[in-house]
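Both backbone and side-chain heavy atoms feed into the values below; hydrogens, waters and symmetry mates do not. Because the structure is a prediction, the values reported are computed rather than measured.
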Amino acid sequence: MVVPKLSTRPSYPEAARALEVAGIHPLLARLWAARGVKQATETQLKWSALIPPGQLTQGEQAAAVLADAIGARKRLLIIADYDCDGATACAVGIRALRAMGADVDFLVPNRFETGYGLSPEVVKLAVAHAAGKPDILITVDNGIASVDGVQAAMDAGMQVVVTDHHLPGDTLPAALAIVNPNQPGCGFPSKNLAGVGVIFYLMLALRAELRRRGVFAPDGGPRLDNLADLVALGTVADVVKLDANNRLLVTQGLQKMRSGRMQAGLRALFAVAAREPREASAFDLGFALGPRINAAGRLADMSLGINCLITDDDILALQLARQLDEMNQQRRGIETTMREEALASIDQSDPVIKASVCVYHPDWHQGVVGLVASRLKETYWRPTLAFARSATGELRGSGRSIPDVHLRDVLDLVSKRNPGIILKFGGHAMAAGLTLREDAYAQFIESFDAAVQELSGQSSFDPVIETDGGLESGYANAEVAELLQQQVWGAGFPAPIFRDTFFVRQQRMLKDKHLKLSLERGHQRFDAIWFNHAQMLPEYIDAAYRLDRNVWNGRVSAQLIIEYAGQAEQ
């Protein structure tokens, strides 16, 4: 096990005081200020505080193209992506466009056959689509890098509107319009919209355009806020930074779920995941609903996930959700086997792990290697790549990294130093994918490790648990735990972890793998649990922990979830 270091997040007392004066709970004010919130306006999570759609470059241009297409009864086809962000983005586009009178269907690429995005191969599938050859393709959560695909679509007599949030390359595709907050020259204040956020914004702009044209009354047209549940799910599942605008979108979606007003597919997913929608949290979206949607894209065809999200039939939604749940259980089994094989291969490897981890097995499942890389990254705290063999004999790899190492930059350096061994690659700092010549695997892992060490200046890495310091004794209760659970935490806006010294009154093992504790601090006693930790603790501990609610026999109490604990200095 890698032993983490504990650090304390810097505090900003002036910002915290300003938030407190604005009526925000003192603990929330302290936590939010430490996460960069400077003024109360950043905590306003009502629709009125949403960044206006007009600030998104080419949003109005794209809206005009779609309004013309709807008026002319042109056929539209959404080209989706095979992850949860792509599936929810597709569902938002389908639901909104149909509500505004469009003739629209969807096509989602197959991870194993056509790969990611609008490729020339996907264009051929679009031309032959069962709903008829489309006039306009709309990409969601992809397209900014599809230079060849957009050209192929134009050559085939179709036009393209790109909606995406990924970083652009040197050349932009020749689309009718590109809606992407990360394209050059776009002044949209939030660069962190997920793919589902971008298409939601375009739908807001399209409704405004149809109101201007008199198709809808000045305040008429479909209620697009009813799609907030889908926007929230895709935003959380894609692990984009939860800036103020994204927190607003996720909060609005969670409020829909908690009030019981959500799409039939989401209601069904809550049911099969045995989660309670009335207490919906970002955790549910990221760890219960999102993985079930993603399982379809990993193991089979994301059309299943999209159909679950666009149906209004409760019975059909439940049937599809059950299929997704079964796929997710399959995925878990495959992942467990692959992870155990990977750990065994690392144990037998010589030399020992250096600055990186690379694992490969010809029989592994291509759709699951990214999850295995993620687990190994957490275990060894090294940038990690896992590879499987594709049907064409090449190696398909997926990687996860740590804050000290920009994964895409490392792959770029390896590619330049070893021309021809990486056939293609892409991604960003924390995650990336690549295709590799199988005979070049041994050469690649040496070069990859060297590049990691060169770019980071380190040969080993220590994880850091960033804490919010001590929790004031007056706030260490179930009411405050509930207050914290109701907030939106996630990427770039992490859930609070506190750090205090405790006396260990009692400790015992649960199921031979979890440590159950009774802790004491001053005059307060707490029940606590450290999951997946099987070693007993010393009498006094320095602990990093989350404040949680424990409900048992109708009684609600505070419980501490231990993230890490070590010997306290006496």
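- Side-chain rings of Phe526 and Tyr545 stay apart, their centers remaining 6.0 Å or farther from each other.
- Applying the side chain to side chain donor-acceptor pair (under 3.5 Å) rule to pairs touching residues 466-481 yields Arg9-Asp468, Arg30-Glu472, Arg35-Asp468, sequence neighbours excluded.
- Shortest non-hydrogen contact noted between Gly433 and Leu411 is O-CD1, 4.4 Å.
- The CG atom of Leu249 sits 5.5 Å away from the CH2 atom of Trp47 when rounded to the nearest 0.5 Å.
- Atom NE2 in His25 sits 10.0 Å away from atom CD in Gln487 (nearest 0.5 Å).
- Atom CZ of Phe531 and atom NZ of Lys511 lie 9.5 Å apart (nearest 0.5 Å).
- Residue Ala295 comes nearest to Leu324 through the heavy atom pair CB-O, 4.3 Å, listed as atom of the first residue, atom of the second, then distance.
- Heavy atoms only, all atoms of each residue included: Trp489 and Leu484 are closest at NE1-O, 2.8 Å.
- Pro189 is listed as a side-chain neighbour of Gln55, based on a closest heavy-atom distance under 4.5 Å.
- Between the side chains of Asp141 and His165, a donor-acceptor pair is found at a separation under 3.5 Å.
- No donor-acceptor pair under 3.5 Å is formed between the side chain of Gln263 and the backbone N or O of Leu230.
- With hydrogens and angles disregarded, no donor-acceptor distance shorter than 3.5 Å links the side chain of Arg499 to the backbone of Asp542.
- Side chains of Val198 and Asp164 form no contact here, defined as non-hydrogen atoms less than 4.5 Å apart.
- Judged purely by atom type and a 3.5 angstrom limit, Lys191 uses its side chain to pair as donor or acceptor with the backbone of Pro181.
- For the residue pair Asn192 and Asp243, a side-chain donor N or O sits within less than 3.5 Å of a side-chain acceptor on the partner.
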Worked verdict on Asn246 versus Lys241 for side chain to side chain contact (heavy atoms under 4.5 Å, CB included): CA-CA 8 Å; Asn246 277 342; Lys241 184 179 179 181; 5.7 Å; no
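- Screening Tyr380, Tyr564, Trp381 for a side chain to side chain contact (heavy atoms under 4.5 Å, CB included) involving Pro463 leaves a single residue, Trp381.
- No more than 12 heavy-atom neighbours from other residues, nucleotides or ligands sit within 6.0 angstrom of CZ on Arg375.
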Between Asp527 and Lys516, does a side chain to side chain contact (heavy atoms under 4.5 Å, CB included) hold up when you go through it step by step? CA-CA 8 Å; Asp527 286 331; Lys516 189 85 172 82; 3.9 Å; yes
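- Using a 3.5 Å distance cut-off with no hydrogens or angles, the side chains of Gln252 and Asp225 do not pair a donor with an acceptor.
- With salt bridges taken as basic N to acidic carboxylate O contacts below 4.0 Å, none links Glu42 and Lys38.
- No side-chain heavy atom of Cys84 sits under 4.5 Å from any side-chain heavy atom of Asp238.
- Looking only at side-chain heavy atoms (C-beta outward), Leu285 and Thr235 stay at 4.5 Å or farther from each other.
- Counting only heavy atoms from C-beta outward, the side chains of Leu560 and Leu547 approach each other to under 4.5 Å.
- With hydrogens and angles ignored, the 3.5 Å screen pairs a side-chain donor or acceptor of Ser456 with a backbone N or O of Gln458.
- In this structure a side-chain-to-backbone donor-acceptor pair under 3.5 Å is missing from Asp83 to Asn294.
- A heavy-atom distance below 4.5 Å is found between the side chains of Leu242 and Val488.
- Here the shortest heavy-atom pairing between Met262 and Met257 reads CE-O, 3.4 Å.
- Judged purely by atom type and a 3.5 angstrom limit, Asn142 uses its side chain to pair as donor or acceptor with the backbone of Val140.
- Taking 4.5 Å as the limit, some side-chain heavy atom of Phe503 sits within range of a side-chain heavy atom of Glu539.
- For Arg207 (side chain) and Pro222 (main-chain N/O), a donor-acceptor pair under 3.5 Å exists by modelled atom type.
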Determine, step by step, whether Asn180 and Val162 satisfy the side chain to side chain contact (heavy atoms under 4.5 Å, CB included) criterion, reporting the C-alpha distance in whole Å, the side-chain angles of both residues, the deciding distance to 0.1 Å, and the verdict. CA-CA 8 Å; Asn180 181 339; Val162 167; 5.9 Å; no
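- Remark: side-chain polar atoms of Asp229 are not paired, donor with acceptor, to backbone N or O of Lys256 under 3.5 angstrom.
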Verdict with reasoning, Val236 to Leu233, per side chain to side chain contact (heavy atoms under 4.5 Å, CB included): CA-CA 5 Å; Val236 171; Leu233 174 55; over 6 Å; no
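- Scanning both residues, Ala528 and Leu519, for their nearest heavy atoms gives CB-CD1, 3.7 Å.
- Open room surrounds CZ on Phe287; 12 or fewer heavy atoms of other groups in view lie less than 6.0 Å from it.
- Considering every non-hydrogen atom in both Ala33 and Ala16, the closest pair reads CB-N, 3.6 Å.
- Here the side chain of His514 pairs no donor or acceptor atom with the backbone of Trp530 at under 3.5 angstrom.
- Here the side chain of Arg95 pairs a donor or acceptor atom with the backbone of Leu309 at under 3.5 angstrom.
- Asp500 is listed as a side-chain neighbour of Leu471, based on a closest heavy-atom distance under 4.5 Å.
- For the atom pair OH (Tyr12) and CD (Glu14), the distance works out to 12.0 Å, reported to the nearest 0.5 Å.
- Note: His533 NE2 to Lys513 NZ = 14.5 Å, rounded to the nearest 0.5 Å.
- To the nearest 0.5 Å, atom CD1 of residue Ile199 and atom OG1 of residue Thr163 are 4.0 Å apart.
- Classified by interplanar angle (parallel below 30°, tilted 30° to 60°, perpendicular above 60°), the ring pair Tyr201/Phe188 is perpendicular.
- Salt bridge absent: Lys354 and Asp449 never bring a charged side-chain N and a carboxylate O closer than 4.0 Å.
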